[in-house]
Amino acid sequence: MTVHLLVAGVTLAYDGRAAVLADVDLHLRAGWTGVVGANGAGKTTLLRLLAGELPPTRGAITREPADATTIVCAQRVDVASDEVRAFADDWARVAQRWRARLDLDPDGLDRWPTLSPGERRRWQLGAALAAEPDVLLLDEPTNHLDAPARARVIEALTRHRGVGVVVSHDRALLDALTTTTVRVADGGARAYAGGWTAARPQWEAEEAARRDAWQAAATAQRRGERQLVEARVTAAAASRAVSARARIKGPRDADGRSMGAKNLASWAAARAGREVGKLRDQAEAAADATAALALTRARGREVVVDWEPPPRRWLASFDGPLVAPGGGGRVLAPRVRVTIERGSRVHLAGANGRGKSTLLAALVAACTLPADRVLWLPQELSAAAAAALAREIAALDDTARGRLGQLAAALGLDPARATASGQPSPGEARKLAIALGLARRAWLVVLDEPTNHLDLPAVERLERALAAYPGALVLATHDAALAARLTTERIDLDDAAGGDAAVTSRASAAAGS
């Protein structure tokens with residue numbers, strides 16, 4: 001069965017406010033389409049429109065055939081859905097095959113709260129793929145995944161034969177999987193051929209041409225306005241000449257000569273007036289052309305971290321067995337010793353489920369620094385935590401809000417807009433949390449997969465900011481390039497799980513029985 005999704009003139013506006021998306025036309029066919037754009041641009045909104053969860057304010061979305069099945073795999077991994085539990089209990093051949101491909105153990109599902117976010121994500125994707133939908137909509141599917149899990153997921157997704165739409169900031173995923181890229185920007189959504197690497201130069205060339213056209217129009221507008229001013233001066237002088245001829249006549253002027261001069265002055269004034277009218281029309285046309293090409297000012301600039309050193313050398317430490325949270329007391333590593341001092345730059349590595357998030361949380365819990373001097377960003381901020389963050393920001397005084405606004409804008413975010421609903425999106429919440437921590441001049445920054453949910457420009461700016469940040473940084477990430485740029489030391493929990501690893505450095509970890 002051939003499946004199509006047709007998006008025709010779709011506009012979505014909330015409660016009479018400005019449209020989030022306007023006049024979107026797309027034709028989505030079998031195969032994978034990537035959706036990219038800045039946080040808050042409307043990517044998830046577009047996905048919800050395609051899923052039928054949101055009705056468009058104007059326009060229509062048509063599925064062909066009308067009974068095509070659709071499944072959405074959202075960003076959040078907080079809860080094991082009924083579909084995931086049914087997938088775990090399903091012993092049909094299809095379900096078993098998908099569990100094997102994604103390395104999923106049904107006996108582990110009862111430990112959902114203690115599973116790593118990456119393990120939960122694989123369960124969600126397995127349940128969606130096993131259902132064999134005609135339309136599969138994914139929101140950031142590779143968030144939380146280590147390199148082997150990402151490879152498994154990409155291989156699994158290539159087996160989907162229907163329409164696939166994936167919102168992602170993962171460039172490797174987009175290039176490996178997608179054949180069309182939809183860019184959501186400035187209230188619109190437009191399709192380009194190819195994955196991320198092939199599509200990006202296309203819209204960059206369009207933007208360059210638009211800038212050139214705007215510059216030419218603006219130059220023409222300025223030239224026209226200057227000419228109009230000069231013509232008005234000339235017209236005013238001609239008009240004064242006519243008035244002077246009417247008032248003053250020399251004693252030797254003949255009536256004919258006087259009348260001829262007066263006519264010449266009147267004709268000059270008329271010509272000047274016509275020239276003013278013509279130039280005014282041209283100036284208005286140039287202004288209209290400039291306005292039509294108006295460029296949206298890009299939000300986001302370099303993040304400047306205002307910082308002062310902490311008064312003490314040692315900032316946080318952990319020494320003991322690493323035990324999975326929740327009941328059961330499952331030991332992830334028999335003994336881990338970690339000490340962080342000011343200036344430490346530590347990469348915490350390891351596969352999904354090895355205890356990276358657990359160790360980071362333990363370090364933060366053991367830290368005795370003032371709470372406002374620690375920036376702790378877990379892998380996922382729950383909806384409740386994001387709402388609480390919005391309330392905290394709303395309560396800031398003007399000075400603190402101004403500082404936060406500068407840092408948030410540097411990450412490509414408008415705090416007022418992001419907090420207006422009281423429920424920021426996952427990407428918006430992460431940017432707000434990072435901006436708030438940096439605004440408070442944190443002495444210790446502890447980040448668990450910090451690029452999850454962030455748009456690509458924000459990832460690049462955050463990387464530059466953290467490279468310049470002079471304080472202590474502890475970073476858990478599967479992004480090898482990010483870790484190589486930001487850290488100087490490595491703790492590998494794959495080694496610690498065996499009880500035979502040792503790392504000795506300013507930030508030291510040792511594992512043993």
Side-chain angles (χ1 to χ4, degrees), residues 1-3 30-32 47 50-53 63 65 67-166 168 170 173 176-177 324-332 350-355 357-358 379-380 478 494 497:
M1 178 175 65
T2 302
V3 182
W32 282 98
L47 213 63
L50 296 176
E53 296 176 4
R63 291 176 183 79
D67 61 351
T69 57
T70 300
I71 286 182
V72 182
C73 194
Q75 289 191 53
R76 296 198 178 280
V77 294
D78 311 60
V79 178
S81 66
D82 293 340
E83 291 78 12
V84 167
R85 295 194 178 281
F87 170 57
D89 293 335
D90 186 353
W91 290 98
R93 183 174 297 176
V94 171
Q96 291 187 64
R97 186 166 62 245
W98 283 113
R99 288 198 298 266
R101 283 174 180 156
L102 293 170
D103 192 24
L104 298 171
D105 177 10
D107 293 335
L109 195 66
D110 292 335
R111 298 186 287 102
W112 184 271
T114 65
L115 293 180
S116 73
E119 291 170 305
R120 298 180 201 176
R121 174 62 77 191
R122 296 206 310 276
W123 273 107
Q124 287 181 333
L125 292 170
L129 288 164
E132 298 183 333
D134 299 312
V135 180
L136 180 55
L137 308 175
L138 306 179
D139 203 347
E140 300 290 2
T142 56
N143 275 355
H144 318 295
L145 298 182
D146 56 27
R150 179 184 281 106
R152 284 193 207 98
V153 164
I154 291 175
E155 192 278 332
L157 294 178
T158 61
R159 296 175 179 271
H160 176 63
R161 293 294 173 258
V163 174
V165 181
V166 54
S168 181
D170 185 335
L173 168 74
L177 189 64
R330 185 167 62 98
V331 176
L332 301 171
N352 290 142
R354 291 298 194 201
S357 298
T358 301
Q379 273 198 54
E380 287 294 322
H478 297 297
D494 288 338

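Computed over heavy atoms, backbone and side chain alike; hydrogens, waters and symmetry mates excluded.
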Ring pair (Phe, Tyr, Trp, His ring centres under 6.0 Å) with Trp112: which residues, sequence neighbours excluded? none

Results of side-chain contact (heavy atoms from CB on, under 4.5 Å) for Ala51 - residues two or more places apart only: Glu53, Val72, Leu137

Which residues pass the side-chain hydrogen bond (donor to acceptor under 3.5 Å, both in side chains) test with Thr158, not counting sequence neighbours? none

Enumerate the residue pairs fulfilling salt bridge (Lys or Arg N to Asp or Glu O under 4.0 Å) with a member in residues 147-159, sequence neighbours excluded, ordered by first and then second residue. Asp103-Arg152, Arg150-Asp170, Glu155-Arg159

Non-hydrogen side-chain atoms of Val166 and Pro141 separated by less than 4.5 Å: yes

Ignoring hydrogens and angles, tell me if any N or O in the side chain of Arg63 forms a donor-acceptor pair with the backbone of Leu50 under 3.5 Å. yes

Trp98 CH2 to Leu129 CG distance, which is reported to the nearest 0.5 Å: 4.5 Å

Who passes side-chain contact (heavy atoms from CB on, under 4.5 Å) against Ala351, sequence neighbours left out? Asp146, Arg354, Asp494

Under the ring pair (Phe, Tyr, Trp, His ring centres under 6.0 Å) rule, collect the residues that match up with His478, sequence neighbours excluded. none

Contacts satisfying salt bridge (Lys or Arg N to Asp or Glu O under 4.0 Å) that involve residues 89-102 (not counting sequence neighbours) are none

Asp134 and His160: which non-hydrogen atoms are nearest, and at how many Å? O-NE2, 4.1 Å

Of all residues at least two apart in sequence or in a different chain, which pass the side-chain hydrogen bond (donor to acceptor under 3.5 Å, both in side chains) check with Gln96? none

Residues at least two apart in sequence or cross-chain that pass side-chain hydrogen bond (donor to acceptor under 3.5 Å, both in side chains) with Thr358, listed by chain then number, are none

Is any side-chain heavy atom of Pro133 closer than 4.5 Å to one of Thr69? yes

Decide yes or no for Leu109 and Val84: does some side-chain heavy atom of the first lie under 4.5 Å from some side-chain heavy atom of the second? yes

Could you check if a side-chain atom of Thr142 sits within less than 4.5 angstrom of a side-chain atom of Glu140, using non-hydrogen atoms only? no

Can you list every pair that meets salt bridge (Lys or Arg N to Asp or Glu O under 4.0 Å) and has a residue in residues 107-131, with sequence neighbours left out? none

Quick check on side-chain contact (heavy atoms from CB on, under 4.5 Å): which of Val165, Leu173, Leu125 does Leu138 satisfy it with? Leu125

I need the minimum non-hydrogen distance between Ala130 and Ala95, along with the two atoms involved. CB-CA, 4.5 Å

Taken in chain and number order and not counting sequence neighbours, the residues that satisfy ring pair (Phe, Tyr, Trp, His ring centres under 6.0 Å) with Trp123 are Phe87

At their closest point, which heavy atom of Val163 faces which heavy atom of Ala30, and how far apart are they? CG2-N, 3.8 Å

